[in-house]
Amino acid sequence: GDIGPAFQAKLLRVLQEREFYPVGSERPRRSEARVIAATHVPLEERVTGGAFREDLYFRLRVVELVIPPLRERREDIPLLVDHFLGRIRRELHRDALTIAPAALNRLVTHAWPGNVRELENALMRAAAVSPSGVLGPEDFPLPDRAAASESEGDSLDDAERRHVVAILRRTGGNKRAACRVLGISRPRLDRIIARHRIEVTERGQGGNGA
């Protein structure tokens, strides 16, 4: 989204003609590469404003994957935390480093305006400054409003269940509407409901479940 007109033209040539000129060479070379492009800016608006070539945009947009912001896919946070902690253990040589359930709950309930990069930075900072081998809630100085729904004694499962029940109540039990609010698919919502044994009455009140 930030590349200039000159590089856009070169990239388009590579994609269309499947050839490029190495630096210092006058002979083209064939390319069999597949391109994966990512952007954090709305390219459609840049195309309309003339800042991004329309032909390049449609050449790149063959298979499009839209990744929702992290706050709309909170169920991914534990997986990302596990991934990043594995990397941090290797980099800091702290093989015994773990995270407490209350701290993980705090991360799940945070809004993460900086998305995955902010989560990674928060974990790296906590690991760097914490003298303990177990990262606790105090190691993550996040805004209070982001963790307003946190309960220190709750597990991650408790936090997920409470959040889904609250959304179902807010949407009157309408699963389609709940999926839109949660940013997840209907099959995923059904799996969460089944796993936590959440009762959704015909009138749409998310119950406590037995």
So [Y] and [X], do their side chains get closer than 4.5 Å, heavy atoms only?
| X | Y | answer |
| --- | --- | --- |
| Gln8 | Phe52 | yes |
| Leu85 | Leu97 | yes |
| Arg53 | Tyr57 | no |
| Ile88 | Met124 | yes |
| Ile99 | Phe140 | yes |
| Leu107 | Leu123 | yes |
| Thr98 | Leu135 | no |
| Val164 | Ile198 | yes |

With a 6.0 Å cut-off (strictly less than), is the heavy-atom count around [atom1] of [X], excluding the residue itself, greater than 12?
| X | atom1 | result |
| --- | --- | --- |
| Leu79 | CG | yes |
| Glu54 | CD | no |
| Arg30 | CZ | yes |

>> Just to verify, which of Lys10, Arg29, Arg13, Arg27 counts as forming a salt bridge (Lys or Arg N to Asp or Glu O under 4.0 Å) with Glu19?
In response: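 It is Arg13; the other options fail the test.
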>> I need the single residue from Arg176, Lys175, Arg195 that forms a salt bridge (Lys or Arg N to Asp or Glu O under 4.0 Å) with Asp190. Which is it?
In response: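 So the option named by the test is Lys175.
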I'd like to know if [Y] and [X] are part of one continuous hydrophobic network [Ile/Leu/Val/Met/Phe/Trp/Tyr, side-chain heavy atoms within less than 4.5 Å].
| X | Y | answer |
| --- | --- | --- |
| Phe20 | Leu15 | no |
| Val35 | Phe7 | yes |
| Leu92 | Phe84 | yes |
| Leu60 | Phe58 | yes |
| Val134 | Leu142 | no |

>> Checking Arg61 against Glu64 for the salt bridge (Lys or Arg N to Asp or Glu O under 4.0 Å) test, could you report, in this order, the C-alpha distance in whole Å, the side-chain angles of both residues, the deciding distance, and whether it holds?
In response: CA-CA 6 Å; Arg61 190 181 176 183; Glu64 184 179 25; 2.9 Å; yes
Looking at every heavy atom in both [X] and [Y], which two are closest together, and how far apart are they?
| X | Y | answer |
| --- | --- | --- |
| Pro137 | Ala102 | CG-CB, 3.7 Å |
| Glu118 | Gly114 | OE1-N, 2.7 Å |
| Arg125 | Pro141 | NH1-CD, 3.7 Å |
| Arg74 | Arg71 | NE-O, 3.3 Å |
| Ser31 | Val14 | OG-CG1, 4.3 Å |
| Leu189 | Cys179 | CD2-SG, 3.5 Å |

>> Checking Arg73 against Ile67 for the side chain to side chain contact (heavy atoms under 4.5 Å, CB included) test, could you report, in this order, the C-alpha distance in whole Å, the side-chain angles of both residues, the deciding distance, and whether it holds?
In response: CA-CA 9 Å; Arg73 49 190 178 97; Ile67 308 299; 3.3 Å; yes
> Is any side-chain N of the basic residue among Asp82 and Arg87 closer than 4.0 Å to the acidic one's carboxylate O?
Replying inline: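 Salt bridge absent between Asp82 and Arg87.
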> Are the side chain of Ser25 and the backbone N or O of Pro22 linked by a donor-acceptor pair below 3.5 Å?
Replying inline: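 A pair under 3.5 Å: no.
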>> Is there a salt bridge (Lys or Arg N to Asp or Glu O under 4.0 Å) between Asp139 and Arg106? Walk through the geometry before answering.
In response: CA-CA 10 Å; Asp139 295 313; Arg106 185 175 182 84; over 6 Å; no
Interatomic spacing from [atom1] in [X] to [atom2] in [Y] - rounded to 0.5 Å:
| X | Y | atom1 | atom2 | value |
| --- | --- | --- | --- | --- |
| Arg89 | Glu91 | CZ | CD | 12.5 Å |
| Leu119 | Ile77 | CG | CD1 | 6.5 Å |
| Glu199 | Leu168 | CD | CG | 12.0 Å |

> Which is it for Leu70 and Arg117 under the side chain to side chain contact (heavy atoms under 4.5 Å, CB included) test, yes or no, and what are the steps along the way?
Replying inline: CA-CA 10 Å; Leu70 195 55; Arg117 183 172 299 176; over 6 Å; no
